[in-house]
There are 2 protein chains.
Amino acid sequence: MDMGVAERKVRHKEDLKKEILDAAKSLFSEKGFESTSIRAIAEKIEYSPATIYLYYKDKNEIVHALHREGFKLLVSHFEVLNNVSHPFERLKGMGRAYIQFALQNPDIYRLLFMMEEPLKHVANCFEEWDEGDRAFDILSKTVAECQTLGFFNGFEPIQLSFVIWSTMHGLCTLRNTGHLAHVGVARANNLDLDQLMTATFETFVIVLEKLKG
Amino acid sequence: MDMGVAERKVRHKEDLKKEILDAAKSLFSEKGFESTSIRAIAEKIEYSPATIYLYYKDKNEIVHALHREGFKLLVSHFEVLNNVSHPFERLKGMGRAYIQFALQNPDIYRLLFMMEEPLKHVANCFEEWDEGDRAFDILSKTVAECQTLGFFNGFEPIQLSFVIWSTMHGLCTLRNTGHLAHVGVARANNLDLDQLMTATFETFVIVLEKLKG
DNA sequence: CCAATTACTAAACACTGTTTAGTAATTTTC
DNA sequence: GAAAATTACTAAACAGTGTTTAGTAATTGG
């Protein structure tokens, strides 16, 4: 086998691996993770179910691959904000970007932050978590920068970052599960679900603004 | 069949229904929800799997029953705080109770706030959600009471309640999934996981205190 | 040209939730 | 008290799942 053919084969093998991932992603988004079978993925790419296991050790490994992809997507949502020079404006932008990401990719959000399995894997695999850690570091650095401008006086940046992450994550999770819809819409008169979410976010921003000085 | 025997039979039938629920609950806590089979529940109560279906329509109906039970347990955690007269102290107590509930019953917490299925059911079944709504109303009433003492000036109590719920829920969820452990312990030096959680809660309390006046 | 490797799959295994058909035991009716 | 009806339960099957095994064609290297 000459080198050109060998290369083409390797490339094809990686293509198929990617094809499996893409099929899995679209099926997960369509039917949810639990309701997507290996057999369905196999049918979508027109291979036998057993072939999938030549490219991924098991179903979890597919989930882990999507997990990594998802975090890269989230971080890319943040990187657009590097242009914003004022750190508090950047912080607000990150909040909006986080919400937007959660709303636009509800299933990926579930995968990243609500499912047990992917995290169990990450816990045993410290090197794999780069992007997730980076997302938090971007946040805590921004918080620290805000402090140099007189915001958040007397707070530990790491601690406050956890509070902020908790709030944003809590809001997105409540939205994702439907709790916000159930409890919220009945109580927040004249607001639809998106408006309620925005209003809650704006309220939190005001809370943070009051911490100045 | 005389009345006494009829009554005993009805009672026995309800007992068995409860037995199934208890077996399911303990197995869910032990092995997690996805890994608990109807067959395992049946074996635990020493009946055949088919018998379960005489008492519950399907597996989801068992989950829904545990969902209702779980919310009652959560509300009972709050009701102890009726003695606390100062509303802000009561609010802090609710936060601590919420965290305590989430830590002591991680699987029930998942069931109540992180799983898709139970909420889908509640969405189609408006009357079944009493306890969940009540928990939120207790919160928003407490926030409103705080305002009469000069806290949270200029905030909508409902909106601020959503912020508070989001923060508490986000913190508990990040803890429950392991995200807090992964991101947190490496960064918060000399704090173990429980201390990190407490410290984050305390930071949030300070944030709320700064909103006074 | 033959042997070795590759890429793939049919079929099986051990599970899952759920349904069906049927069996004993009990209760009601005559 | 015997026959009929109801109750409480289950064995076995069905259709689905993730995963493994054994084997088959095709391609490649010597």
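Lettering follows sequence order; numbering is per chain, from 1. Since the structure is predicted, the reported quantities are computational estimates derived from the model, not experimental observations.
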Looking only at side-chain N and O atoms, does A/Thr51 come under 4.0 Å of OP1 or OP2 in C/dC8?
-> no
With a non-hydrogen cut-off below 4.0 angstrom, is A/Ser35 in contact with a base, only sugar-phosphate, or nothing?
-> nothing
Euclidean distance, atom CD1 of residue A/Ile38 to atom C1' of C/dC15 [Å, nearest integer] = 15 Å
Can you tell me how far P of C/dG17 sits from CD of B/Glu61, to the nearest Å?
-> 15 Å
Which of parallel (below 30°), tilted (30 to 60°) and perpendicular (above 60°) describes A/Tyr98 and A/Phe78?
-> parallel
Where the side chain of A/Tyr47 is concerned, which of C/dT18, D/dT10, C/dC8 is the nearest nucleotide?
-> C/dC8
Using a cut-off of 4.0 Å on non-hydrogen atoms, how would the nucleic acid contact of A/Ser37 be classed: base, sugar-phosphate, or nothing?
-> sugar-phosphate
Here the distance between atom P of D/dT17 and atom CG of A/Asn60, to the nearest Å, is 17 Å
Considering only heavy side-chain atoms of A/Asp58, the closest of D/dT19, C/dT9, D/dG18 is D/dT19
With respect to the side chain of B/Tyr53, which nucleotide from D/dT10, C/dA10, C/dG17 is positioned closest?
-> C/dG17
Residue set satisfying ring-ring contact (aromatic ring centres under 6.0 Å, His included) with B/Phe204, at least two apart, ordered chain then number -> none
Within this structure, what is the CD1-to-P distance between B/Ile41 and D/dT10, rounded to whole angstrom?
-> 15 Å
Anything under 30° is parallel, anything over 60° is perpendicular, the rest tilted; go ahead and classify A/Phe33 against A/Phe28.
-> perpendicular
Given C/dT18, C/dT9, D/dT10, the nucleotide with the shortest approach to the side chain of A/Leu54 | C/dT9
Output the single nucleotide from C/dA12, D/dA13, D/dT20 whose closest atom is nearest the side chain of B/Arg39.
-> D/dA13
Rounded distance in Å - CD1 (A/Ile52) to P (D/dT20) = 14 Å
Among C/dC8, C/dT9, D/dT10, find the nucleotide with the atom closest to the side chain of A/Leu16.
-> C/dC8
Name the orientation class of the two ring planes belonging to A/Phe71 and A/His67 (parallel below 30°, tilted from 30 to 60°, perpendicular beyond 60°).
-> perpendicular
Could you label the plane-to-plane angle of the A/His179 and B/Trp165 rings as parallel, tilted or perpendicular, counting under 30° as parallel and over 60° as perpendicular?
-> perpendicular
Just how far, in rounded Å, is P of C/dT9 from CD of A/Glu46?
-> 11 Å
Specify the separation, in whole Å, of atom CD of A/Glu34 and atom C1' of D/dG16.
-> 15 Å
Integer-rounded Å distance: C/dC8 P and A/Tyr56 OH = 14 Å
